[in-house]
Amino acid sequence: MNMADDALFEFLHMEIVAHVYKEQATREDIDKERVTCVSTLEGMGFRVGQGLIERLTKDCPTFKDDLDIMKFLCKDFWSTIFKKQIDNLRTNHQGTYVLQDNKFALLTQLSSGKQYLEEAPKYLAFSCGLIRGGLSNLGLESVVTAEVSLMPSCKFQVVIQKL
């Protein structure tokens, strides 16, 4: 993919978010609307993540552990989607991982000002789903949340669910 493709992906993502929120705008309960929109976007990302990880890992040797899977996610998976690796991966070695992207592509268009900080979560739901879907297809059930304290930097927290 080239820069034009990147811009198209970012534009498509923004339009999907806008569409999902516009579809729900007729509802009265704002909090319920927000939850519905976020879960719709997260579900879309989940399905895309499942398909993408399947394609990326078809010729890969099996992973030896959860950390190995997370490293693959931070390098190959992230690079395929966002043209860069995750900037930092941390773990407590007990199933919790924090992935930091210092210049998250889907937030760079929003602005680096604090006024857009409360808008950020709706632009992160799809990506949380991407991560969760990818991990799910590799046999790891997880809970993925995102946090933004300074735009366009973003942290994704992944908690692996031990079955």
Side-chain angles (χ1 to χ4, degrees), residues 1-27 30-57 69-70 72-89 96-113 115-161:
M1 264 212 267
N2 59 32
M3 283 177 63
D5 293 335
D6 295 346
L8 286 173
F9 173 69
E10 290 166 19
F11 179 71
L12 175 64
H13 179 262
M14 287 178 76
E15 287 301 307
I16 288 170
V17 170
H19 175 75
V20 168
Y21 272 78
K22 193 172 129 197
E23 287 293 304
Q24 296 295 325
T26 56
R27 305 241 163 52
I30 299 286
D31 287 336
K32 185 176 177 227
E33 165 201 324
R34 187 169 290 161
V35 169
T36 303
C37 292
V38 167
S39 58
T40 299
L41 291 165
E42 202 268 351
M44 287 177 178
F46 182 84
R47 291 186 299 279
V48 171
Q50 283 182 311
L52 190 58
I53 204 83
E54 200 169 294
R55 210 176 81 212
L56 290 174
T57 57
I69 290 172
M70 293 305 294
F72 178 84
L73 196 91
C74 292
K75 292 178 183 172
D76 302 73
F77 185 76
W78 210 255
S79 295
T80 299
I81 303 165
F82 300 110
K83 307 295 165 271
K84 67 184 279 301
Q85 295 181 7
I86 282 285
D87 295 303
N88 194 340
L89 169 65
T96 301
Y97 298 87
V98 176
L99 292 63
Q100 180 159 345
D101 189 328
N102 294 327
K103 196 171 180 206
F104 186 53
L106 299 179
L107 290 178
T108 52
Q109 299 303 315
L110 242 76
S111 171
S112 53
Q115 72 268 31
Y116 292 103
L117 214 49
E118 74 178 47
E119 291 290 304
K122 66 184 182 186
Y123 293 98
L124 299 172
F126 182 83
S127 300
C128 287
L130 280 172
I131 295 168
R132 198 172 67 80
L135 291 173
S136 173
N137 249 21
L138 295 175
L140 296 179
E141 293 309 313
S142 61
V143 174
V144 181
T145 54
E147 168 190 318
V148 177
S149 46
L150 186 63
M151 302 262 272
S153 178
C154 178
K155 287 182 183 176
F156 294 92
Q157 181 174 17
V158 179
V159 180
I160 305 298
Q161 304 298 293

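Hydrogens, waters and symmetry mates play no part in the numbers below; they use all other heavy atoms, side chains included. Start at 1 with the first residue, then count along the sequence.
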| query | Does G51 offer a backbone N or O that forms a donor-acceptor pair with the side chain of R55 under 3.5 Å? | reply | no
| Whether Q157 side chain and K155 backbone form a donor-acceptor pair below 3.5 Å | no
List, one per line, each side-chain donor-acceptor pair under 3.5 Å for residues 130-139, sequence neighbours excluded.
| unit_1 | atom_1 | unit_2 | atom_2 | d |
| --- | --- | --- | --- | --- |
| R132 | NE | E42 | OE2 | 2.6 |
| R132 | NH2 | E42 | OE1 | 3.1 |
| S136 | OG | E141 | OE2 | 3.3 |
| N137 | ND2 | Q50 | O | 2.9 |
| N137 | ND2 | E54 | OE1 | 3.2 |

Do [X] and [Y] have side chains that approach each other closer than 4.5 Å (heavy atoms only, starting at C-beta)?
{"X": "L99", "Y": "D101", "answer": "no"}
{"X": "I160", "Y": "Y97", "answer": "yes"}
{"X": "V144", "Y": "S142", "answer": "yes"}
{"X": "T57", "Y": "F72", "answer": "yes"}
{"X": "T36", "Y": "V20", "answer": "no"}

| message | If the condition is side-chain contact (heavy atoms from CB on, under 4.5 Å), which residues does S79 pass it with, not counting sequence neighbours? | response | Q85
Find the distance between [atom1] ([X]) and [atom2] ([Y]) and round it off to the nearest 0.5 Å.
{"X": "C154", "Y": "L107", "atom1": "SG", "atom2": "CG", "value": "6.0 Å"}
{"X": "Q100", "Y": "F156", "atom1": "CD", "atom2": "CZ", "value": "10.5 Å"}
{"X": "I69", "Y": "L73", "atom1": "CD1", "atom2": "CG", "value": "9.5 Å"}
{"X": "N102", "Y": "K84", "atom1": "CG", "atom2": "NZ", "value": "6.5 Å"}
{"X": "F104", "Y": "I86", "atom1": "CZ", "atom2": "CD1", "value": "8.0 Å"}

| message | Once ring-ring contact (aromatic ring centres under 6.0 Å, His included) is applied, what residue pairs with a partner in residues 117-136 remain, sequence neighbours excluded? | response | H13-F126
